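One structure is given below, encoded as structure tokens.
This one's a predicted model, so the numbers in the text were calculated from it and none came from an experiment.
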Amino acid sequence: MLQPVSTGHKSLADYTHLAGRPLIQEIRDLSEDLSGLRVLHLSATAFGGGVAEILYTLVPLMNDVGLEAEWQVMLGREEFYNTTKRLHNALQGNPDSPTDEEWKIYERYNALNATEISGEWDVIIVHDPQPAAIKRHVPNKASTWVWRCHIDLSTPNPEAIARMVPFIREYDASVWHVEQYVPQELRPVVAGSNPGSDGSLDGVHIIQPAIDPLSPKNMALSPEDAAFVCDQFGIDVDRPLMCQVSRFDPWKDPIGVIDAYRHVTQEMSEVQLALVGSMATDDPEGWEYFNSTMAYADGDPDIHILNNLNNVGAIEVNAFQSQADVVIQKSRREGFGLTVSEALWKARPFIGGDVGGIPLQVQDGKTGFLVSSPEECADRSLRILREPDLGKRLGRSGKEHVRRHFLTPRLLRDWLRIFTEHR
Ligand code: UDP
């Protein structure tokens, strides 16, 4: 029932000069003691969204340094995905929580998936809320269970988080993007506990995700190739382009991006907008929101709305991010926002919503701009479009910030530290 995901092979050595030799050496030293460690990643989907993006690189690199890592995806049906979408939205602050009936559906699918875990594992890492209740059904399947949270839990719906906390509390460790996401109930009660070297407190670890600089989505694409690809989607590559790459989801606020674009075009009518969004298999609301975004664009020929059904894969995302004069991620909630690091890594001028994990990646005015409204987004876009030198400066420092903090080898190193601590 659980589907293994095939991730292919990657070699840590290939990252040496992009991430720096000392980090690679640190990883080699840590992995010596972890050789043969059996690590299973469990997640809800192998396609669409940040979790899948991360695991396609992290899992093969874990294997390359001597671990025995696998990734399996739980199976669900529409009733389960409808429930977990409501849960996801509630945990990000939506007032509408899952009903008692839906919680039963949630638990039933978790129980079913739990019985399907085969083999024995040293560590099982459960990603996000969808499979979080699996552990209680089969605690003996692993010596160490880690829950990895990828979403923005800064202001959760109290009812939904209260129902989730008991599941999370059963884990040996949990990993969060930022400290503010850790629910009060999970913070250690021992007064005066000292944070560990990575800021960890009693099994609570704060670690940010990362992007793969060598993946087709992030490897360097020449300006000519980027333009060639965008041209095929109807973009006029001689005119300025604003772009947002993200799922069609109200938290990502594509409607706000269209508003910002409309403000911009009042002053610079030649500007175009591309909204590039894939449909995740565990996101039933995606199509509905895609259609309302299309309706909001109102047939404007300079708004290009694309998804994976238009064959927008990794290279195309890369091309749009590389070609855009301004890359936007105008989220209203954002766990981390891999798209932010993806854009910065391409040294593009970037504007992001001042929420969730985005301020970790964007220092306002230095590595990009942070905004809280479509008007602010339009204002910063116009500044960037009118001052190409400003855009270049922001882009360059953004790239170095990502190199230091948000490339996959750093993430691999942090996981190896957790494995070492919890052995
Ligand atoms: N993505 C993609 N195609 C799309 C839209 C998004 O490949 O049409 C990728 C995007 O490049 C990023 C991931 O999906 O790697 C989204 O991760 P992020 O953390 O930004 O947001 P999430 O979807 O997990 O909320």
Side-chain angles (χ1 to χ4, degrees), residues 1-7 30-31 33-46 51-52 54-77 80-81 83-84 87-88 103-151 163-176 186 200 202-205 207 209 281-282 411-412 414-423:
M1 196 177 179
L2 290 176
Q3 298 290 308
V5 182
S6 150
T7 55
L30 279 163
S31 55
D33 290 338
L34 295 168
S35 173
L37 194 82
R38 295 159 305 171
V39 178
L40 173 63
H41 292 267
L42 285 182
S43 78
T45 177
V51 179
I54 291 162
L55 292 182
Y56 275 112
T57 297
L58 191 60
V59 171
L61 283 180
M62 283 185 172
N63 284 314
D64 185 60
V65 300
L67 278 55
E68 289 176 23
E70 258 188 51
W71 171 18
Q72 294 179 12
V73 171
M74 71 188 300
L75 272 194
R77 296 225 168 85
F80 177 66
Y81 295 130
T83 300
T84 55
L87 173 60
H88 173 100
W103 279 109
K104 280 193 196 130
I105 294 171
Y106 173 77
E107 297 215 28
R108 181 154 48 84
Y109 277 89
N110 270 265
L112 274 171
N113 278 278
T115 58
E116 297 294 323
I117 298 179
S118 61
E120 294 198 349
W121 302 90
D122 295 306
V123 185
I124 296 184
I125 303 171
V126 175
H127 294 266
D128 271 349
Q130 298 95 324
I134 282 184
K135 192 224 157 176
R136 67 170 47 174
H137 299 284
V138 284
N140 297 331
K141 286 280 177 190
S143 329
T144 304
W145 286 80
V146 186
W147 187 63
R148 195 338 166 194
C149 175
H150 293 268
I151 61 178
R163 304 249 341 212
M164 278 310 291
V165 161
F167 297 122
I168 305 167
R169 214 198 296 274
E170 291 171 9
Y171 283 76
D172 302 293
S174 55
V175 181
W176 313 77
L186 293 174
S200 66
D202 294 359
V204 173
H205 300 268
I207 290 177
T281 51
D282 65 342
L411 178 61
L412 174 63
D414 290 348
W415 273 113
L416 298 180
R417 282 182 177 167
I418 291 183
F419 298 155
T420 305
E421 185 179 325
H422 289 276
R423 281 204 99 177

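Side-chain contact between Leu61 and Trp415 is absent, with no heavy-atom pair separated by less than 4.5 Å. At a threshold of 4.5 Å between non-hydrogen side-chain atoms, the residues His205 and Asp414 do not count as touching. Inter-residue side-chain proximity for Thr45 and Val51 is flagged as unmet; no heavy-atom pair is nearer than 4.5 Å. Contact check for Phe167 versus Glu107: side-chain heavy atoms found under the 4.5 Å cut-off. Here the side chains of Leu42 and Met74 are not in contact, with every heavy-atom distance at 4.5 Å or above. Proximity of Val138 to Ile124: side-chain heavy atoms (C-beta onward) are nowhere separated by under 4.5 Å. Annotation: side chain of Pro131 is not in contact with side chain of Gln72 (no heavy-atom distance under 4.5 Å). Under the 4.5 Å side-chain criterion, counting only non-hydrogen atoms from C-beta, Met62 is not in contact with Leu37.
Summarising the geometry, atom CG belonging to Leu412 is positioned 9.0 Å from atom CG belonging to Asp64; distances are rounded to the nearest 0.5 Å. If you take CD1 on Ile418 and CZ on Arg148, they are separated by 8.0 Å, rounding to the nearest 0.5 Å. Annotation: the span from Thr420 atom OG1 to Leu30 atom CG amounts to 5.0 Å, rounded to 0.5 Å.
Residues meeting the side chain to side chain contact (heavy atoms under 4.5 Å, CB included) test with Arg38, sequence neighbours left out: Glu68, Glu120, Trp121, Asp122.
Nearest approach of Met164 to Leu87, heavy atoms of both residues: SD-CD2, 3.9 Å. Nearest heavy atoms, Leu186 versus Val165: CD2-CG1, 4.1 Å. Ser174 and Ile168 get closest at one heavy-atom pair: CB-CG2, 4.5 Å. In terms of heavy atoms, Ser43 sits closest to Trp71 at OG-NE1, 3.0 Å. The two atoms that bring Ser143 and Asp172 nearest to each other are O-OD2, 3.8 Å, heavy atoms only. The shortest non-hydrogen separation linking Ala46 to Val5 is CB-CG2, 3.8 Å.
The main-chain N or O of Pro139 is found under 3.5 Å from a side-chain atom of Trp145 such that the two form a donor-acceptor pair. The backbone N or O of Tyr109 sits less than 3.5 Å from a side-chain atom of Asn113, completing a donor-acceptor pair. Side-chain atoms of Trp147 come within 3.5 Å of backbone atoms of Asp128 as a donor-acceptor pair (strictly under, hydrogens ignored). Judged purely by atom type and a 3.5 angstrom limit, Tyr171 has no side-chain atom pairing as donor or acceptor with the backbone of Gly203.
Screening residues 134-144 for salt bridge (Lys or Arg N to Asp or Glu O under 4.0 Å) gives Arg136-Glu170 as the qualifying pairs, with residues at least two apart or on separate chains.
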- Could you walk me through whether Cys149 and Ile151 pass the side-chain contact (heavy atoms from CB on, under 4.5 Å) check? CA-CA 6 Å; Cys149 175; Ile151 61 178; 4.0 Å; yes
- Task: Could you go through the side-chain contact (heavy atoms from CB on, under 4.5 Å) check for Leu55 and His127 one step at a time?
- Result: CA-CA 10 Å; Leu55 292 182; His127 294 266; 3.7 Å; yes
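For the side chain to side chain contact (heavy atoms under 4.5 Å, CB included) with Leu34, the qualifying choice from Val123, Val65, Leu416 is Leu416, the only one to do so.
The aromatic rings of Phe80 and Tyr106 lie parallel to each other, their planes meeting at an angle below 30°, with 60° marking the opposite boundary.
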